[in-house]
Amino acid sequence: MPVIRFDQACVRFDEFTALEPTTLELKEQRIAIIGENGGGKSTLVRLINGLGAPSSGRVEFDGLDLAKQAKQVRKQVGFVFSDPENQIVMPTVADDIAFSLRRFKLPAEQRKQRVQEILRRFGLEQLQDQSPHVLSGGQKHLLALAAVLVIDPKLIVADEPTTLLDLRNRDRLRQIFSTLDQQLIVVTHDLEFVEDFDRAICLHNHRVAADGPPKDVIAQYKEFIGHE
Ligand SMILES: Nc1ncnc2c1ncn2[C@@H]1O[C@H](COP(=O)(O)OP(=O)(O)OP(=O)(O)O)[C@@H](O)[C@H]1O
């Protein structure tokens, strides 16, 4: 698994601190980031592929310093945003997935095969010639994930991937995630979804307030917010 290191990484917007100085080493396969709204979860994960920069401190992905080598890191890290609309770039579902492969000089036949394989895995074959913009919110989310997975990244970061999914697609996603060989970091409020992950980190008041096995961290999170 890749190793992600945060060394006193801190994010400030003027006087406001979105993430207090944070030191972490992430090397487990499946890691959940949970916690209150506005606690700093998205801010933290955006540092991993250089979408955000620390105001002070450092972040490294597998020995690569994000401040200097973000481009190299982005080739290895797939990021799925909470609003999948941001990721749609092509006129059809199949083309949108194929677009992710543009940097990999694959023969056309092989590219087509990879796209078909991933369409099948995500149950999107029937929709492949549709415009992505007519898909439902949940289907768009699956498409965004498919477009990330098709490049076979070393790490997948997903920011609230289950928010728009119905039960069937949530189960499908759970199943897909459980069969992935890659490292996975998921920001979520869906606590049940990450119960069996290898590690959970709870951000509270813009700092890591709990870190460990998901069951323990979820229990601590509930205590922080006074949830019965
Ligand atoms: N570009 C920005 N400028 C100013 N403040 C920002 C910016 N980005 C984030 N923030 C603030 O930083 C804080 C942390 O935001 P973040 O999106 O990381 O929270 P979160 O834990 O992901 O929340 P949620 O569960 O609601 O998605 C919030 O108060 C947010 O308003």
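Order of appearance sets the numbers: ligands from 1, and atoms from 1 within every ligand.
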Working to the nearest 0.5 Å, report the span between [atom1] of [X] and [atom2] of [Y].
X	Y	atom1	atom2	answer
Thr92	Asp129	OG1	CG	6.0 Å
Ile34	Gln220	CD1	CD	9.0 Å
Leu203	Ser42	CG	OG	10.0 Å

Provide the full list of salt bridge (Lys or Arg N to Asp or Glu O under 4.0 Å) pairs with a residue in residues 177-196, sequence neighbours left out, each pair given once. Arg30-Asp196, Arg170-Asp190, Arg170-Glu192

With respect to atom 26 (O) of ligand 1, which of Asn37, Thr163, Val187, Thr43 exhibits the smallest heavy-atom separation? Asn37

Just going by heavy-atom distances, which of Ser42, Gly40, Ala18 is nearest to atom 22 (O) of ligand 1? Ser42

Taking [atom] as the reference point, the nearest protein heavy atom with its distance:
atom	value
atom 21 (O) of ligand 1	Lys41 NZ, 2.7 Å
atom 23 (O) of ligand 1	Gly38 N, 2.8 Å
atom 1 (N) of ligand 1	Phe13 CE2, 3.5 Å

Leu47 to Ala9 - nearest heavy-atom pair and separation: CD1-CB, 4.2 Å

Contact summary for Gln76 and Leu64, nearest pair of heavy atoms: NE2-CD1, 3.8 Å

Which atoms of ligand 1 are found less than 4.0 Å from any heavy atom of [X]?
X	value
Gly39	19 (O), 20 (P), 21 (O)
His189	25 (O)
Glu36	21 (O)

Does the protein place any heavy atom closer than 4.0 Å to atom 19 (O) of ligand 1? yes

Right, does atom 6 (C) of ligand 1 have protein non-hydrogen atoms nearer than 4.0 Å? yes

Taking distance alone, with N or O pairs closer than 3.5 Å, would you say Phe16 contacts ligand 1? no

Applied to residues 4-55, the ring-ring contact (aromatic ring centres under 6.0 Å, His included) test, sequence neighbours excluded, yields Phe16-His206

Can a side-chain donor-acceptor contact be found between Glu20 and Thr17 if the only test is distance below 3.5 angstrom? no

Would you say Asp96 and Gln87 are linked by a side-chain donor-acceptor pair, where the criterion is simply a distance under 3.5 Å? no

So, does Gly35 sit close enough to ligand 1 that a heavy atom of it is under 4.0 Å from the ligand? no

Decide whether the shortest distance between a heavy atom of Glu160 and an atom of ligand 1 is less than 4.0 Å. yes

